[in-house]
Peer 1: 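There's a structure below that I have some questions on.
For reference, positions follow the sequence shown, starting with 1.
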Amino acid sequence: MSIDTTNLTPSEIVKALDKYIVGQKNAKRSVAVALRNRWRRQQVEGDLRDEISPKNIIMIGPTGVGKTEIARRLAKLARAPFVKVEASKFTEVGYVGRDVDSIVRDLMEVSIKLVKEEEAARLKPQAKEAAEERLLDLLLPAKATSFSDRPPGGKIPTATASPAVPESSTREKLRGLLREGKLDDREVEVEIKEDGRGFMQIFGGSGVEEMGLGGLKDMLGNMGGGKTKHRKMKIPDALEVLSGQEVERLVDNDAVQREAIIRAEQGGIVFLDEVDKIAVSSDKRGGAEVSREGVQRDLLPIVEGSTVTTKYGPVKTDHVLFVAAGAFHVAKPSDLIPELQGRFPIRVELEALTDKDFVRILTEPRNALVTQYQALLATEDITVEFDSEAIETLASLAAQVNAGTQNIGARRLHTIMERLLDELLFSAPDIGAQTVKITTDYVKERLADLVEDEELSRFIL
């Protein structure tokens, strides 16, 4: 296995981001250059490669304008491990749960999962073939031929010694029936290994790891002790289970860990959200503000480059790309400690979204909200058609609510759309196949009263 670096040009990266994110040209350009620089660094030869550090980015802008989505889509483009953490989770005075090193441990878990999925996809044909052979063994058990299986007198049964129908011929006929789906209604008994995961769920997803007891987590996870149980299931389900078992058998876990560490170190992306919540104004020192500054100093070694111990081995953060983001309504980027500021040389301001942006967000991206709801209701044989004027009215109402209450950017569109289609989503299974047209009058009828009643909109929208 080798590190999967991308060679997309900055303009190609921006075009790919445009498919999902409306506007924010400057932010897209910055992350595109940062990603391309990773590829460029991989082409540099000699010791200089290790000296080239990533140019971390800080995004400044209100909530709901696309900061998180830009970072997440960038990670998908690069096929790189990605984690998002809220910096404010580390600020609470007396909080004894997560420490900043858990960011790197989480990144490694994502990297392990990413590499395993890629290996599973690569090995799937081989695993399916092996699973098919095991399934045929269950359907056509081998005849007894050992001395212990012989009946009294020591003679091998005639059927075994010279079968009327060659076993290979029967097996191939069964294989043909299996592949044609003619055995799908049959049941077989499959052996399944118990791994003790149910017991581990008591501890929660990452609590044990973050207490510094990763070894205990592994030990408890294997409390099944290799025990197995037998379960009857139909042929398609059995084939899927056996394929999964074969994939696990074929995957080289040591190689996966080595590759995952390389991916995390050389391609990992960490998105630090709400970084403005740990900024401290110069006129506010003491109390909880001391804790916030302390979190900045804890983050500094990881952002600068250090080695963090994980259960998979030591992980260096020297070349991990950090993307910080915050609204900075109260604090300013200059309120961060100078050392941390210096580790985020690229600063990008994201623009607030307008009515026109909302119209584009509703209709243009591949995952546009209008497209999503049309697809959901199509499963009930209901065709939903939106008039262009209705979409403009929706966008205008969303902007109006944002202006009158808390501005949550494009996230307001989710609440608006859910409220608009609430009745239709509820009654869809009962009203049968039909076409529903969403017009301006329909939008106003459903939403106008709520938007006009500012107090009510604070709770509902």
Side-chain angles (χ1 to χ4, degrees), residues 5-41 53-80 82 84 267 269-276 320-329 332-334 336 341 343-372 388 391-392 394-396 398-399 402-403 407-414 416:
T5 55
T6 178
N7 61 354
L8 290 175
T9 65
S11 60
E12 289 172 337
I13 294 168
V14 170
K15 284 179 183 177
L17 293 174
D18 284 340
K19 294 175 183 177
Y20 297 95
I21 302 155
V22 168
Q24 312 305 352
K25 180 180 177 182
N26 291 336
K28 290 174 183 174
R29 285 174 59 92
S30 295
V31 297
V33 170
L35 186 58
R36 181 65 177 184
N37 280 341
R38 287 197 150 180
W39 177 85
R40 289 167 176 153
R41 176 181 163 271
S53 58
K55 304 303 182 284
N56 297 324
I57 303 166
I58 187 164
M59 296 184 184
I60 303 164
T63 185
V65 296
K67 300 188 295 293
T68 305
E69 192 64 16
I70 287 173
R72 183 179 289 115
R73 292 291 172 185
L74 184 73
K76 285 186 177 181
L77 275 177
R79 293 182 289 279
F82 171 82
K84 175 194 172 185
I269 298 175
V270 173
F271 184 76
L272 289 170
D273 202 7
E274 298 182 348
V275 74
D276 55 319
V320 173
L321 177 65
F322 289 86
V323 181
F328 288 98
H329 291 312
K332 304 182 294 294
S334 59
L336 295 167
Q341 287 183 52
R343 289 295 166 177
F344 290 89
I346 301 175
R347 297 186 183 182
V348 183
E349 289 197 31
L350 282 84
E351 304 158 2
L353 299 173
T354 64
D355 297 20
K356 291 181 179 179
D357 291 326
F358 283 159
V359 170
R360 294 181 61 198
I361 290 169
L362 283 169
T363 57
E364 288 185 13
R366 286 189 175 180
N367 58 342
L369 278 179
V370 166
T371 305
Q372 290 181 31
S388 57
I391 290 174
E392 290 175 4
L394 276 172
S396 177
N402 273 345
N407 187 349
I408 59 173
R411 293 187 179 95
R412 183 71 65 190
L413 294 173
H414 290 270
I416 287 278

Peer 1: What are the two closest heavy atoms between Asp276 and Gly326, and how far apart are they?
Peer 2: OD1-CA, 3.4 Å
Peer 1: Are any non-hydrogen side-chain atoms of Asn367 and Gln372 less than 4.5 angstrom apart?
Peer 2: yes
Peer 1: Which distance, rounded to the nearest 0.5 Å, do you find between the CD1 of Ile391 and the OG1 of Thr363?
Peer 2: 5.5 Å
Peer 1: So do Leu369 and His414 actually touch side chain to side chain, heavy atoms under 4.5 Å?
Peer 2: yes
Peer 1: Can you name the closest pair of heavy atoms from Pro365 and Tyr20 and give their distance?
Peer 2: CB-O, 3.8 Å
Peer 1: Quick check: closest heavy atoms across Arg36 and Ile13, and the distance to 0.1 Å?
Peer 2: N-CD1, 4.4 Å
Peer 1: Donor-acceptor check, side chain of Lys28 to backbone of Gly23, threshold 3.5 angstrom: yes or no?
Peer 2: yes
Peer 1: Search all heavy atoms of Lys55 against all heavy atoms of Leu321 and return the closest pair with its distance.
Peer 2: O-CD1, 3.7 Å
Peer 1: Tell me the closest heavy-atom pair linking Phe271 and Ala71, and the distance in Å.
Peer 2: CD1-CB, 3.4 Å
Peer 1: Check whether any side-chain heavy atom of Phe358 lies under 4.5 Å from a side-chain heavy atom of Leu394, and answer yes or no.
Peer 2: no
Peer 1: Measure the NZ-CG distance between Lys15 and Leu8 for me, rounded to the nearest 0.5 Å.
Peer 2: 11.5 Å
Peer 1: What distance separates Leu77 CG from Leu35 CG, expressed to the nearest 0.5 Å?
Peer 2: 7.0 Å
Peer 1: Side-chain contact, heavy-atom cut-off 4.5 Å: Val31 with Leu17?
Peer 2: yes
Peer 1: One pair to check against side chain to side chain contact (heavy atoms under 4.5 Å, CB included): Ile70 and Leu350. What are the steps and the verdict?
Peer 2: CA-CA 11 Å; Ile70 287 173; Leu350 282 84; 4.2 Å; yes
Peer 1: Looking at Arg347, Lys67, Gln24, which hits side-chain contact (heavy atoms from CB on, under 4.5 Å) with Met59?
Peer 2: Lys67
Peer 1: Distance check, rounded to the nearest 0.5 Å: Ile58 atom CD1 versus Ser30 atom OG?
Peer 2: 12.5 Å
Peer 1: Which value, rounded to the nearest 0.5 Å, describes the distance between Thr371 atom OG1 and Glu364 atom CD?
Peer 2: 11.0 Å
Peer 1: Within a radius of less than 6.0 Å around CZ of Arg41, do more than 12 heavy atoms belonging to other residues, nucleotides or ligands occur?
Peer 2: yes
Peer 1: Roughly how far, to the nearest 0.5 Å, is the CD atom of Glu274 from the NZ atom of Lys84?
Peer 2: 7.5 Å
Peer 1: Is the backbone N or O of Arg343 less than 3.5 Å from a side-chain atom of Asn56, with the two atoms forming a donor-acceptor pair by type?
Peer 2: yes
Peer 1: Assess whether atom CD of Glu12 is packed by more than 12 heavy atoms of other residues, nucleotides or ligands within 6.0 Å.
Peer 2: yes
Peer 1: Answer whether the closest heavy-atom distance between the side chains of Val275 and Phe322 falls below 4.5 Å.
Peer 2: no
Peer 1: Give the minimum heavy-atom separation between Ala398 and Leu413, together with the two atoms involved.
Peer 2: CB-CD2, 3.6 Å
Peer 1: With a 3.5 Å cut-off and no angle check, do the side chains of Asn37 and Arg40 form a donor-acceptor pair?
Peer 2: yes
Peer 1: Could you tell me whether the side chain of Glu392 and the main chain of Val359 form a donor-acceptor pair under 3.5 Å?
Peer 2: no
